[in-house]
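Inspection log for the structure reproduced underneath, given as structure tokens.
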There are 2 protein chains.
Amino acid sequence: MVTEFTGGGDPRRSLELLWGVRDAARRGPKPRLTTEDVVRGAIALADAEGLQAFSMRKVAEALGVSPMALYTYVPSKAELIEVMIDRAWGEVPLADQAPGDWRARLETKARQDWEHMQRHPWMLQIAAHRPPLGPNIARRYESAFRIVDHLGLTDVEMENVIALVDNYVRGAVRVVVEASEVEARSGIDDREWWMSRSPVLAELITPDQFPTATRVGDSCRDFHEVEAKRPQNFEFGLQRVLDGVAAFVAARHDAKV
Amino acid sequence: MVTEFTGGGDPRRSLELLWGVRDAARRGPKPRLTTEDVVRGAIALADAEGLQAFSMRKVAEALGVSPMALYTYVPSKAELIEVMIDRAWGEVPLADQAPGDWRARLETKARQDWEHMQRHPWMLQIAAHRPPLGPNIARRYESAFRIVDHLGLTDVEMENVIALVDNYVRGAVRVVVEASEVEARSGIDDREWWMSRSPVLAELITPDQFPTATRVGDSCRDFHEVEAKRPQNFEFGLQRVLDGVAAFVAARHDAKV
DNA sequence: CTTCTCTTCGTACACTGTACGTACTTATTG
DNA sequence: CAATAAGTACGTACAGTGTACGAAGAGAAG
């Protein structure tokens, strides 16, 4: 899993790419593809084949085009992924009008993000810092801030809250994605992995030296289906995070009254 | 930034590597290095040169050895990083005996982790799922669980709480690391980056279409020194997370009484 | 037509991790 | 001591990556 970095290229070009404002070609042979074709093909490939199969050469092959031809439409791999990300967010509804109060809406948004990023694991490939500021992501920012607007928080606090929830979701998704990546790549699932090293580990991590860790470890592993309980773990963390935010909001509110 | 995956190799070999139980060589030429030399050199290199300069060839060069010679001591790059990680955690004190109650101790641990991972950004390179179960990490697990032991939580809940805090810290560190990576690699700092695209963005993300986002964005950017306020942002999120955990602990406690 | 501007894409480069096979070195064994 | 076996050491090579560069060709504008 590779985190890509942008920022090298021409800023105007990048933004035009994201917003789809591209003056039609005037001269020369007509392009046989559009940027949107490339993005669509790339998304399809990345979804289908997984992260490790996603390379510029593979995208080109899937489109029936030579590798270098892609660079006519897209300045680099990182910027291609940026556009992919922005486009993919377009599928997800906005949560600022979802039913319930701000907390219910934040929950809705978090769950949407959680599911969406699992569906498109390549979303984690772009550094969260300096996100691709395309139309869909701009809309999502607007929507997110609206959820926590008018709660008595300062703008900076609002930003912090949104970043906190986003950070939580991204981290949780990352664990899931890494888990399935590691399985796909090594062909060894978690159970086998654990079984293969538990006898050796049992000699190294002994209950008398690590009483608490071994106890907790055993309790957690007694639960069958680590995968099945992932949503519950996600939900647990989400509730704790939102409880913390709620306490903060309540304190701000009381202070005002 | 690349996330490496292990799990391919012989489990016994991996664990012996981590725990340093390696039967001395019996025959053949005496190894001119030890695994520990390789690990030390690799850590020094990774700390000094940054993530992008960290490759097996560079490590070998730094040690004055041919690239392939490393594979005598270490089965793969991923497993080398695993050992590096375990060794590096050895520097950080354990927090279960830190002053204060469980919350103060969790705070201490979170801050230690936060600082330590910033000092050693390559720590984020190994998938958090299936962590390297070496002696130092085992000790840290034991210590972490002791902090939240005897609070009335079930073992699974304890695990969830520790995972939640850890997830938060890792995410926060990731943002910082990615930020400095992107600067080092592109030579463009955040201010320049923003300045170069804000004129174009101003035409695309307009206050009438995105009133809340533009307002919040402006407020956040008014603060000089995004970097300088990172610790504050970290602290903000950490307090919210811990507030959430505290509420949960309190609820469990009340339920019992 | 000529000229200019664009798309297209073959070749090539620098880089990665590491599989494989060979040569060498030494401790153990006969 | 000589033979053997078990190691280490490492050169070469491969498959893969993103993409720089430049040449070739296509179509519109003058």
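Naming convention: chains lettered A, B, ... in sequence-line order (proteins, then strands); numbering from 1 in each chain.
- For the segment residues 54-68 of chain B, the set of residues with a heavy atom within less than 4.0 Å of an atom of DNA chain C comprises B/Ser55, B/Met56, B/Arg57, B/Lys58, B/Met68, in numerical order.
- Nucleotide D/dT17 holds its P atom 15 Å from the CG atom of A/Leu80, rounded to whole Å.
- Closest to the B/Arg32 side chain, of the nucleotides C/dT18, D/dA9, D/dT19, is D/dA9.
- Side-chain N/O atoms of A/Tyr73 include one lying less than 4.0 angstrom from OP1 or OP2 on C/dT8.
- Applying the side-chain hydrogen bond (donor to acceptor under 3.5 Å, both in side chains) test to residues at least two apart or on different chains, the pairs with a partner in residues 32-41 of chain B are B/Thr34-B/Asp37, B/Glu36-B/Arg87, B/Asp37-B/Arg40.
- Regarding B/Leu70, its CG atom lies at a distance of 15 Å from the C1' atom of D/dG11, rounded to whole Å.
- Legend: side-chain hydrogen bond (donor to acceptor under 3.5 Å, both in side chains) pairs involving residues 63-78 of chain B, not counting sequence neighbours, sorted by first then second residue: B/Glu4-B/Lys77.
- C/dT16 atom P lies 13 Å from atom CD of B/Gln125, rounded to whole Å.
- Distance alone, capped at 3.5 Å, is enough to place a donor-acceptor pair between the B/His116 side chain and the B/Ala88 backbone.
- B/Glu49 meets the side-chain contact (heavy atoms from CB on, under 4.5 Å) test with B/Leu45, B/Ala53; sequence neighbours excluded.
- Looking at residues two or more places apart in sequence or on another chain, you find a side-chain contact (heavy atoms from CB on, under 4.5 Å) between B/Ala163 and B/Glu159.
- Remark: A/Glu61 pairs with no residue by the side-chain contact (heavy atoms from CB on, under 4.5 Å) rule, at least two apart or across chains.
- Atom pair B/Arg13:CZ and D/dG7:P shows a separation of 12 Å (rounding to whole Å applied).
- Taking atom OH of A/Tyr71 as the reference point, atom C1' of C/dA12 lies 14 Å away to the nearest angstrom.
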